[in-house]
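Owing to the predicted nature of the structure, the values given are computational and were not obtained by experimental measurement. Residues take their numbers from the sequence shown, with the count starting at 1.
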Amino acid sequence: MTPVAIVLTILQLLSGLAVTVIVLMQSGKSSGLSGVIAGGAETFMSKGKAKTLDAKLAKATKWFGLGFVILTLILTVVMK
């Protein structure tokens with residue numbers, strides 16, 4: 001393995017661990033009919049949803065997940 005591949009592999013490992021931890025920190029979503037009714041009222045009533053911890057964790061999940069996918073694609077090219 002080249003030094004670049006080793007560094008990218010370590011970054012990918014850290015990114016995967018970060019996604020796992022962030023997902024586990026998020027609160028569960030309600031399911032069933034009561035979750036649908038409560039969820040609709042919640043999105044209508046909450047104007048500051050982007051400021052909540054769950055919203056920040058959801059955004060972090062998307063970014064770390066995207067980084068993980070990009071690192072995976074780069075590693076696939078580098079390792080050939």
Side-chain angles (χ1 to χ4, degrees):
M1 281 181 94
T2 64
V4 172
I6 292 171
V7 169
L8 289 175
T9 303
I10 291 171
L11 287 174
Q12 184 183 28
L13 176 68
L14 293 175
S15 176
L17 288 172
V19 168
T20 304
V21 169
I22 292 170
V23 167
L24 289 174
M25 288 175 54
Q26 293 179 12
S27 64
K29 304 290 184 217
S30 298
S31 62
L33 185 58
S34 63
V36 172
I37 295 170
E42 181 181 314
T43 57
F44 179 71
M45 300 300 269
S46 62
K47 293 182 180 178
K49 185 179 177 186
K51 296 180 183 176
T52 64
L53 179 63
D54 280 337
K56 290 177 183 178
L57 288 173
K59 184 181 276 190
T61 303
K62 292 174 190 172
W63 283 108
F64 277 103
L66 179 65
F68 182 81
V69 170
I70 290 173
L71 284 170
T72 302
L73 293 174
I74 292 172
L75 272 170
T76 303
V77 172
V78 169
M79 297 299 284
K80 283 189 176 184

Self-check item: V4-V7 co-clustered via ILVMFWY side chain contacts under 4.5 Å
Solution: yes
Quiz prompt | Same apolar cluster: L11 and V77, side chain cutoff 4.5 Å | solution = no
Practice problem: Look up atom CG in L71 and atom CG in L14, then write down how far apart they are to the nearest 0.5 Å. | Solution: 10.0 Å
Contacts table for residues 58-68: side-chain donor-acceptor under 3.5 angstrom, sequence neighbours left out:
residue : atom : partner : partner atom : Å
T61     : OG1  : Q26     : NE2          : 2.7
T61     : OG1  : L57     : O            : 2.7

Quiz item: Is it true that M25 and L17 fall in one hydrophobic cluster, defined by side-chain heavy atoms closer than 4.5 Å?
Solution: no
Practice problem: With sequence neighbours excluded, tell me which residues meet side-chain hydrogen bond (donor to acceptor under 3.5 Å, both in side chains) with T76. | Solution: none
Exercise. Compare every heavy atom of Q12 with every heavy atom of L75, then report the nearest pair and how far apart it is.
Key: CD1-OE1, 3.0 Å
Quiz item: Honestly curious: do V21 and L53 fall in one hydrophobic cluster under the side-chain, below-4.5 Å linking rule?
Solution: yes
Quiz item: Out of curiosity, does L24 fall in the hydrophobic cluster containing V19 (side-chain heavy atoms, cut-off under 4.5 Å, transitive links)?
Solution: no
Quiz item: Got a second to check how far T72's OG1 is from L8's CG, nearest 0.5 Å?
Solution: 10.5 Å
